[in-house]
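What follows is a single structure, written as structure tokens, with notes after it.
As the structure is a prediction and not an experimental result, all values here were calculated from the model. We name chains A, B, ... by the order of the sequence lines, and we start the count at 1 in each one.
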Amino acid sequence: GAVVSQHPSWVICKSGTSVKIECRSLDFQATTMFWYRQFPKQSLMLMATSNEGSKATYEQGVEKDKFLINHASLTLSTLTVTSAHPEDSSFYICSAGTSGRIYNEQFFGPGTRLTVL
Amino acid sequence: QQQVKQSPQSLIVQKGGIPIINCAYENTAFDYFPWYQQFPGKGPALLIAIRPDVSEKKEGRFTISFNKSAKQFSLHIMDSQPGDSATYFCAATPSKETSGSRLTFGEGTQLTVNP
């Protein structure tokens, strides 16, 4: 149980285009989803936290107009990188948490490799 | 105060060795400490986690030692295998009954286990 999927697993796009990444909780309802980005040989950097039906909360320094997050249902959150540029190339990872657990636990997706040419 | 410091940055051991990865935190509100294992090109996977009311937790070959007074915790991998070669991240979070608590990650340790 507690499986989180991401789609696509990798994407290559041209500079200036927008890319959408989906994050799904397959066998549980995710009341909260988190989006991270990870550069090579670095730790995970939290970009934003989203609760179903609410606006996402962005971390300091993350442009909310560039990284659009939608959490429309308890099983799906999307991250759209708008007007992508080469510096946006990174590994994007989502995680999902569920209420009702005693201790906060996040289940991570497999990640999406974004390359902007 | 939100940081979690992790060391070493990289570690190389021989098969059968016991690599030890250390983490230290400052925020006393943290009370749930998970460790994640990440293989190249994959998302992190929960390995083992501990609460501060116990000083040690063991699951298979993986053991967490916790020192609440020192605000330090460490991961030990017994009888390490080449398949354990991965990046390991410690993390910390205040536990809640809701899912909204954010994880604070350490910088990561790249472990290589030579055959």
Exercise. Hey, quick one: are Leu117(A) and Val81(A) part of the same hydrophobic cluster, counting side-chain heavy atoms closer than 4.5 Å, chains of contacts allowed?
Worked result: no
Problem set entry | Approximate separation, where rounding is to 0.5 Å, of Ser95(A) OG and Arg102(B) CZ | 12.0 Å
Exercise. Are Met45(A) and Tyr36(B) grouped together when hydrophobic residues (ILVMFWY) are joined by side-chain heavy atoms under 4.5 angstrom apart?
Worked result: no
Exercise. Are Leu76(A) and Phe107(A) connected, step by step, through hydrophobic side chains (Ile, Leu, Val, Met, Phe, Trp, Tyr) whose heavy atoms are closer than 4.5 Å?
Worked result: no
For this session: Apply side-chain hydrogen bond (donor to acceptor under 3.5 Å, both in side chains) to Gln38(A) and Gln38(B), showing your working.
Result: CA-CA 12 Å; Gln38(A) 185 179 36; Gln38(B) 185 180 30; 2.8 Å; yes
Exercise. Distance from Thr87(B) atom OG1 to Leu44(A) atom CG, nearest 0.5 Å?
Worked result: 10.5 Å
Seminar exercise, completed: In short, Ser43(A) meets Gly106(B) closest at the heavy-atom pair OG-O, 2.7 Å
For this session: Answer yes or no: are there more than 12 heavy-atom neighbours, outside Glu87(A) itself, under 6.0 Å from its atom CD?
Result: yes
For this session: Give the cluster check for Leu68(A) versus Tyr92(A): same hydrophobic cluster or not, with ILVMFWY residues linked at side-chain heavy-atom distances below 4.5 Å.
Result: no
For this session: Please indicate whether Lys66(A) has more than 12 foreign heavy atoms, meaning atoms of other residues, nucleotides or ligands, lying under 6.0 Å from its NZ.
Result: yes
For this session: Measure the spacing between CG of Leu103(B) and OH of Tyr36(A) and express it to the nearest 0.5 Å.
Result: 4.5 Å
Exercise. Among Gly41(B), Pro34(B), Pro40(B), who wins on heavy-atom pairs under 4.5 Å with chain A?
Worked result: Gly41(B)
Exercise. So which part of Glu107(B) gets closer than 4.5 Å to some heavy atom of chain A, the side chain, the backbone, both or neither?
Worked result: backbone
